[in-house]
Amino acid sequence: MKLTWSDVTPQSVFLDRRRFMAAGAALGASALLPGAAAALTGTPSPFSTAETPNTFEQITNYNNFYEFGTGKEDPARYAAALTTDPWSVEIGGMVDRPGSYGVEDLAPDNALEERIYRLRCVEAWSMVVPWIGVPLASVLEKVGVQPGAKFVAFETVMRPSEMPGQTRAILDWPYREGLRLDEAMHPLTILATGLYSEPMPKQNGAPIRLVVPWKYGFKSIKSIVRITLTDRQPLATWQQMQPSEYGFYANVNPTVDHPRWSQATERRVGAGLFAGREETLMFNGYADQVAQLYAGMDLKANY
Ligand SMILES: Nc1nc2c(c(=O)[nH]1)N[C@H]1C(S)=C(S)[C@@H](COP(=O)(O)O)O[C@H]1N2
Ligand SMILES: [Mo]
């Protein structure tokens, strides 16, 4: 049997959220209340983990989104200023139908799936997140990938007036990431537009972000405005900044340490003070599905 988030979310959290939604309806102003806006439903997926997801509160209050600052609580504090409607994603390069696409064109309600995935940050903490989204492959099929294309490049919105981190040279803005085409087409790779049954919270990368569950979290680029198909391997922001520490592949790998710390174990966010660290799994536990993508590759050299 497949569990959905309401089966596995701690009862108190679930009831609190229902009470909140009910309060919104009683006021007759549900559309004006954050959290009571259009709930999203995603079809349960066989790719979901049976592990218990982190709570909505944990997932939305402990974030990495350097455009809003480097502190884990900065995104929750500052992301409300980001305008996410209207929003469009420019898809171009080696595609048959380049253009400006709306979020609802790329991830229509009737195509949404629920994907409960482990998320493993390169900093050695982890969470379990019930994303709502669509396979990236479905979007690439929509725009028509041309035969010579080998990689997909992504860019986050550049908006220093709303993103205080972008007024400082913390990273080379805009944030950029990339995947090999076969990684991008893999059924585990999604573009997410929500989590639990909420439209994507701004601190998590509204309105549309990448999720690649077998790679370190920094590959899962947020608030995407540009997707480009290319025949050259794109230079990603972290890779450009510190190539000896952050590679293009960034596959979760407990046997290849970060130059400054071990990647063998991880801390599950919210597990409590006395919970032990957990073993990090090869490809973050998705080896059965993705290991063949890297057959014959030296994963120490291609970190
Ligand atoms: N644009 C952008 N995308 C980003 C980041 C960022 O700073 N900017 N941080 C990355 C890192 S390091 C991680 S671990 C994940 C965190 O996603 P979450 O905050 O939704 O858990 O987002 C990734 N995507
Ligand atoms: Mo991360």
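Worth saying up front: this structure is predicted, and the values here are computed from it rather than measured.
- Using modelled atom types, one finds no donor on one side chain facing an acceptor on the other under 3.5 Å when comparing Q203 with R77.
- Judged by distance alone, with hydrogens and angles left aside, the side-chain atoms of D105 form a donor-acceptor pair with the main-chain N or O of G102 at under 3.5 Å.
- Here the OG1-CD distance, from T84 to E162, works out to 9.0 Å after rounding to the nearest 0.5 Å.
- Distance check: I132 CD1 to S45 OG gives 11.0 Å after rounding to the nearest 0.5 Å.
- N54 places a side-chain N or O within donor-acceptor distance of the main-chain N or O of V269, the cut-off being under 3.5 Å.
- Using a cut-off of 4.0 Å between Lys/Arg side-chain N and Asp/Glu carboxylate O, E123 and K72 are scored as salt-bridged.
- Note on E266 versus R118: no salt bridge recorded, every NZ/NE/NH1/NH2 to OD/OE distance being 4.0 Å or above.
- Atom CE in M94 sits 10.5 Å away from atom CG in L181 (nearest 0.5 Å).
- Evaluated for a side-chain contact (heavy atoms from CB on, under 4.5 Å) with F56, the options L195, V129, N61 yield exactly one hit, L195.
- Here F68 and F65 bring their ring centres to under 6.0 angstrom of each other.
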Item to complete: Output, in order, the C-alpha distance, side-chain angles, deciding distance and verdict of side chain to side chain contact (heavy atoms under 4.5 Å, CB included) for M158 and Q166.
Response: CA-CA 8 Å; M158 186 69 196; Q166 284 185 339; 3.8 Å; yes
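- Closest of all the heavy-atom pairs between M241 and I170 is CE-O, 3.3 Å.
- At distances below 3.5 Å, at least one donor-acceptor pair connects side-chain atoms of T156 with backbone N or O atoms of K222.
- We find the CG-OG distance between D257 and S262 to be 4.5 Å, quoted to the nearest 0.5 Å.
- Checking side-chain atoms of Q239 against main-chain N and O of A236 turns up a donor-acceptor pair under 3.5 Å.
- A donor-acceptor pair shorter than 3.5 Å can be found between the side chains of R268 and S126.
- Neither V122 nor V256 shares a network with the other; the hydrophobic side chains, linked directly or stepwise wherever heavy atoms of I, L, V, M, F, W or Y lie under 4.5 Å apart, form separate groups for each.
- Using a 4.5 Å heavy-atom threshold, the side chains of L40 and L112 count as touching.
- When side chains are defined from C-beta on, I116 does not count as touching W131, because their heavy atoms never get closer than 4.5 Å.
- For Q242, the CD atom sits in a packed shell: over 12 heavy atoms of surrounding residues, nucleotides or ligands are nearer than 6.0 Å.
- Tracing side-chain contacts under 4.5 Å through hydrophobic residues (I, L, V, M, F, W, Y), one never reaches M127 starting from L281; they form parts of separate clusters.
- Closest approach of P130 and I59 over heavy atoms only: CD-CD1, 3.7 Å.
- For CD of E73, the number of neighbouring non-hydrogen atoms (other residues, nucleotides, ligands) closer than 6.0 Å is 12 at most.
- Side-chain contact check for P187 versus P135: every heavy-atom pair is 4.5 Å or farther apart.
- Taking the six-membered ring where tryptophan is involved, the planes of F218 and Y216 are essentially parallel, since the angle between them stays under 30° and well short of 60°.
- Across Q58 and G270, no two heavy atoms sit closer than the pair NE2-CA, 3.5 Å.
- For residues 236-251, the set of pairs meeting the salt bridge (charged side-chain N to carboxylate O under 4.0 Å, His left out) definition, not counting sequence neighbours, comprises E245-R260.
- The CG atom of L82 sits 9.5 Å away from the OG atom of S161 when rounded to the nearest 0.5 Å.
- A 4.5 Å side-chain heavy-atom check between L140 and L229 finds at least one atom pair inside the cut-off.
- Residues L235 and L179 do not share a hydrophobic cluster, defined by chaining ILVMFWY side chains whose heavy atoms lie under 4.5 Å apart.
- A donor-acceptor distance shorter than 3.5 angstrom exists from the side chain of N284 to the backbone of P213, with no hydrogens or angles considered.
- Closest approach of K142 and P108 over heavy atoms only: NZ-CD, 3.9 Å.
- Counting only heavy atoms from C-beta outward, the side chains of I224 and L191 approach each other to under 4.5 Å.
- Among residues two or more places apart in sequence or in another chain, the ring pair (Phe, Tyr, Trp, His ring centres under 6.0 Å) test is passed with Y62 by W125.
- Minimum interatomic distance between G178 and P234 (heavy atoms only, all atoms of both residues): CA-CG, 4.0 Å.
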Practice prompt. Evaluate the side chain to side chain contact (heavy atoms under 4.5 Å, CB included) criterion for residues T228 and V152: first the C-alpha distance (whole Å), next the side-chain angles of each, then the deciding distance (0.1 Å), finally the verdict.
Written response: CA-CA 6 Å; T228 309; V152 189; over 6 Å; no
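- Within 6.0 Å of atom CZ in R232, 12 or fewer heavy atoms from other residues, nucleotides or ligands are found, so the atom counts as exposed in its surroundings.
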Discussion item. Let's go through W214 and V252 carefully: what are the C-alpha distance in whole Å and the side-chain angles of both, what is the deciding distance for side chain to side chain contact (heavy atoms under 4.5 Å, CB included) to 0.1 Å, and is it a yes or a no?
Written reply: CA-CA 6 Å; W214 72 93; V252 175; 6.0 Å; no
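- The ring of Y303 has its center no closer than 6.0 angstrom to the ring center of H258.
- In terms of the side-chain hydrogen bond (donor to acceptor under 3.5 Å, both in side chains) criterion, W87 has no residue partners (sequence neighbours excluded).
- With contacts defined as side-chain heavy-atom distances shorter than 4.5 Å, the pair I227/E155 does not qualify.
- Applying the side chain to side chain donor-acceptor pair (under 3.5 Å) definition to pairs two or more places apart or across chains, those involving residues 170-195 are D172-R176, D172-Q240, Y175-W238, R176-Q240, E177-K219, R180-D182, R180-Y249, E183-K215, E183-Y294.
- Every residue was checked against the side-chain hydrogen bond (donor to acceptor under 3.5 Å, both in side chains) condition with S138, not counting sequence neighbours, and none meets it.
- The two residues P98 and G92 have their closest heavy-atom pair at CB-CA, 4.2 Å.
- By the 6.0 Å contact criterion, CZ on R277 is enclosed, its count of non-hydrogen atoms from other residues, nucleotides or ligands being greater than 12.
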Item to complete: I would like to know whether T60 and N204 meet side chain to side chain contact (heavy atoms under 4.5 Å, CB included); could you show each step before the answer?
Response: CA-CA 7 Å; T60 56; N204 295 91; 3.5 Å; yes
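- Side-chain atoms of R159 and T83, non-hydrogen and from C-beta on, do get closer than 4.5 Å to each other.
- Of the inter-residue distances, the one linking M163 atom CE with S223 atom OG reads 5.0 Å to the nearest 0.5 angstrom.
- Panel note: side chain D231, backbone K150; no donor-acceptor pair is recorded below 3.5 Å.
- Each of L188, V212, T49 was compared with Y117 under the side-chain contact (heavy atoms from CB on, under 4.5 Å) criterion, and only L188 meets it.
- Cation-pi geometry between R209 and F154 is not met: the NZ or CZ atom fails to fall both under 6.0 Å from the ring centre and inside 45° of the normal.
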Discussion item. Between E90 and S100, is the side chain to side chain donor-acceptor pair (under 3.5 Å) condition met? List the steps.
Written reply: CA-CA 4 Å; E90 292 297 324; S100 182; 3.2 Å; yes
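- Between N253 and M282 the shortest side-chain heavy-atom distance falls below 4.5 Å.
- Considering only residues two or more places apart in sequence or on other chains, V143 meets the side-chain contact (heavy atoms from CB on, under 4.5 Å) condition with I91, V95, Y101.
- Dense packing is recorded around OH of Y246, with more than 12 heavy atoms of other residues, nucleotides or ligands lying under 6.0 Å away.
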